[in-house]
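Take a look at the structure below.
Along the sequence shown, residues carry numbers from 1.
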Amino acid sequence: MPRARNPKATFSATVAGAEALKGHGATGQLRVGDPADLILLDPLAPNLRPLIDGFGVVAHSASAGNVTDVMVQGAWLIRDRKPTRVNAAEVVAEAQRVAEGLWARAEAG
């Protein structure tokens, strides 16, 4: 990935961002023992190309649909675009059931 063209923007997105989360324990730096979360994006996604400034394209063009994997404090929450702690099909089915119930109640007035 190309180097960041704007070091101040990188600082704002990392160290300054962590400082804004007072009490969270984040430092915005990767050091042994520091808490760290990891989000991986699809590097071939058309909306993330052309890649000139990696931070810039993520800040201006990336969306949730680009996320492929998420790790929080060493535990994978999303792997290959699939949640690891819930059954996605069950969640969608329950959401559909609830939505249908709400519509039925709204129509019954």
Side-chain angles (χ1 to χ4, degrees):
M1 177 179 286
R3 295 178 65 163
R5 293 180 180 260
N6 187 339
K8 287 184 180 180
T10 303
F11 177 83
S12 294
T14 56
V15 177
E19 289 172 359
L21 297 172
K22 296 183 187 328
H24 182 268
T27 65
Q29 300 177 40
L30 290 177
R31 297 183 305 209
V32 174
D34 281 356
D37 301 337
L38 176 67
I39 298 173
L40 301 179
L41 305 176
D42 179 354
L44 302 177
N47 64 313
L48 300 181
R49 296 297 178 156
L51 183 60
I52 305 301
D53 177 352
F55 291 106
V57 75
V58 169
H60 297 290
S61 301
S63 70
N66 297 123
V67 176
T68 61
D69 302 88
V70 176
M71 178 185 279
V72 176
Q73 294 184 353
W76 289 107
L77 302 184
I78 306 288
R79 290 294 283 164
D80 297 321
R81 300 184 191 267
K82 297 179 182 91
T84 62
R85 296 189 175 190
V86 298
N87 182 315
E90 289 176 7
V91 171
V92 170
E94 177 66 8
Q96 183 67 40
R97 186 188 69 71
V98 169
E100 289 171 2
L102 290 171
W103 276 109
R105 285 181 24 206
E107 290 173 345

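- With sequence neighbours left out, the side-chain hydrogen bond (donor to acceptor under 3.5 Å, both in side chains) criterion links R81 to D42.
- Of all the heavy atoms in P43 and R49, the pair that sits closest is O-NH2, 2.8 Å.
- V67 and V58 end up in the same hydrophobic cluster when Ile, Leu, Val, Met, Phe, Trp and Tyr side chains are linked at under 4.5 Å.
- Taking every heavy atom of both residues into account, W76 and T84 meet most closely at O-OG1, 2.6 Å.
- In this structure, D69 and D80 have side chains that are in contact, with non-hydrogen atoms separated by less than 4.5 Å.
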Just list the side-chain donor-acceptor pairs under 3.5 Å for residues 101-109, sequence neighbours left out, or say none.
none

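- Ion pair E94/R97 flagged as a salt bridge, since at least one NZ, NE, NH1 or NH2 atom sits closer than 4.0 Å to an Asp/Glu carboxylate oxygen.
- Taken together through direct or relayed side-chain contacts under 4.5 Å among Ile, Leu, Val, Met, Phe, Trp and Tyr, V72 and I39 form part of one hydrophobic cluster.
- Looking at every heavy atom in both residues, N66 comes nearest to S61 through OD1-O, 4.2 Å.
- Rounded to the nearest 0.5 Å, atoms CG (L41) and CG (L48) are 6.0 Å apart.
- Contact of the L77 side chain with the M71 side chain is not registered, since no non-hydrogen atoms from C-beta on lie closer than 4.5 Å.
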